[in-house]
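Index from 1, following the sequence.
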Amino acid sequence: MPEIFAYLLTDAQFRGDARRPLPRPAERRNREDRQQGMDNKKELRKLGQNPEDIAAEVRSRIINGKLAPGTRIIERDIAELHAISRTPVREALKILSAEGLVVLRPHRGAEVAGFDAEEARNLFMVIAELEALAAREFSERVTAARMREIEDLHARMRGHFERGELDDYFAVNSAIHELIIAECGNPILADAHGRLMMRARLGRHMALSDDSRWEEAMDEHEQMMELLRRHDPAAVAAMWRRHLLNSGRALAERLRESAA
């Protein structure tokens, strides 16, 4: 496969032939995957010379699984595709390397960073403790306005789940996690969490591509919301910790299966 087309791997190619027994019909997912593949090139040509914009575009494809771990990212191909110089592309890849999403290898260029099962387990153990503390603090200080905001996000996320819209579900899911962190009142926690979250988002998306984990995660969010409505900070923290540890477990299991 030419490298430029490896860069344009679609979500369907990354997932392989897995069948999803979720509410959305398979033919609808297939149509959307084909459209995504057709849109990739159009979207990529819209970028300019700003390294942050280029990094954001590549980051989105990595986190959403459209660029699989190990995929080579060729500066020349991206530059030609965008009709820009290689300098901003090189700077964008340095940004992604600092975030842990891309590995820069001497004489080989850049490739999408991978996970192994042990790394996934360790990462999510730390994320789980940080987010559990944030959830406790959020529950203790939540205002009526913030409660309405998280209720609205939760309702939107459930709608995406029921329609089988994984990428839209994941976007709103991430917004819920980010709201809890942002409103927990602890900037040191938020800073530490932010430095870990790029790779954690990649892992959470990979874990959610398994049907049983997606359903389990939706149920965990439902339980967390019920505890939040009851104003039970300790129970909210325990539920949120379990939610993140389960994500790490599911990811580690998937990585072990892939390596077998």
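- Smallest separation of non-hydrogen atoms from R146 and E149: NH1-OE1, 3.0 Å.
- Residues V112 and A68 come closest through the heavy atom pair CB-O, 3.4 Å.
- The structure places OG1 of T87 at 8.5 Å from CD of E75, a figure rounded to the nearest 0.5 Å.
- Sequence neighbours left out, the pairs with a member in residues 236-259 that pass ring pair (Phe, Tyr, Trp, His ring centres under 6.0 Å) are H177-W240, H177-H243, H221-W240, H221-H243, W240-H243.
- Hydrophobic cluster membership differs between I95 and L101, with clusters built from Ile, Leu, Val, Met, Phe, Trp and Tyr side chains linked at under 4.5 angstrom.
- Without hydrogens or angle criteria, R72 side chain to R108 main chain gives a donor-acceptor distance under 3.5 Å.
- Checked against side-chain contact (heavy atoms from CB on, under 4.5 Å), E216 has the following partners two or more places apart in sequence or in another chain: R213, E220, N246, R249.
- Two residues are said to be in side-chain contact when any heavy atoms from C-beta on lie closer than 4.5 Å; R121 and E253 fail this criterion.
- When all heavy atoms of L104 and A110 are compared, the pair lying nearest together is CD2-CB, 3.6 Å.
- Under the 4.5 Å side-chain heavy-atom criterion for Ile, Leu, Val, Met, Phe, Trp and Tyr, V103 and L96 are members of distinct hydrophobic clusters.
- Residues E57 and D53 fail the side-chain proximity criterion, which asks for heavy atoms closer than 4.5 Å.
- L208 and A217 get closest at one heavy-atom pair: CD2-CB, 3.8 Å.
- Residues K66 and D167 are in side-chain contact: their nearest non-hydrogen atoms beyond the backbone lie under 4.5 Å apart.
- Remark: D191 engages R195 in a salt bridge, criterion side-chain N to carboxylate O under 4.0 Å.
- Salt-bridge check for E257 with R254: failed, with every basic side-chain N at 4.0 Å or more from each acidic carboxylate O.
- In this structure, A128 and R241 approach most closely via the heavy-atom pair CB-O, 3.8 Å.
- Residues M225 and I150 form a side-chain contact, since some pair of their non-hydrogen atoms from C-beta on lies under 4.5 Å apart.
- Separation of atoms CD (E99) and CD1 (I62) is listed at 9.0 Å; rounding is to 0.5 Å.
- Looking only at distances, no side-chain donor or acceptor of S139 sits under 3.5 Å from a matching main-chain atom of A135.
- At a threshold of 4.5 Å between side-chain heavy atoms, the hydrophobic network of Ile, Leu, Val, Met, Phe, Trp and Tyr places L245 and I127 in two separate groups.
- Contact of the E131 side chain with the M197 side chain is registered, since non-hydrogen atoms from C-beta on lie closer than 4.5 Å.
- Between atom SG of residue C184 and atom CZ of residue R141 there is a gap of 7.5 Å, rounded to the nearest 0.5 Å.
- Remark: R148 does not engage E151 in a salt bridge, criterion side-chain N to carboxylate O under 4.0 Å.
- The shortest distance between side-chain heavy atoms of D116 and L255 does not fall below 4.5 Å.
- The side chain to side chain contact (heavy atoms under 4.5 Å, CB included) test with F138 is passed by exactly one of N186, L228, I181, V236: L228.
- By the 4.5 Å heavy-atom criterion applied to side chains, L251 and L123 are not counted as neighbours.
- Within the 4.5 Å cutoff, no side-chain heavy atoms of I73 are placed close to those of E111.
- The line from CG of L130 to CG of L189 is 5.0 Å long, rounded to the nearest 0.5 Å.
- Note that NE2 of H231 and CE of M147 are 7.0 Å apart. Values are rounded to the nearest 0.5 Å.
- With sequence neighbours excluded, the residues forming a side-chain contact (heavy atoms from CB on, under 4.5 Å) with R76 are I74, E80, R86, listed by chain and number.
- Under the 4.5 Å side-chain contact rule for hydrophobic residues, L179 and Y169 share a cluster.
- Rounding to the nearest 0.5 Å places NE2 of H160 at 11.0 Å from CE of M218.
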Exercise for the section: Starting from the C-alpha separation in whole Å, work towards a yes-or-no answer on side chain to side chain contact (heavy atoms under 4.5 Å, CB included) for E222 and H154. Expected result: CA-CA 8 Å; E222 294 280 14; H154 180 75; 3.0 Å; yes
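- For the residue pair P69 and A113, the shortest heavy atom distance occurs at CB-O, 3.7 Å.
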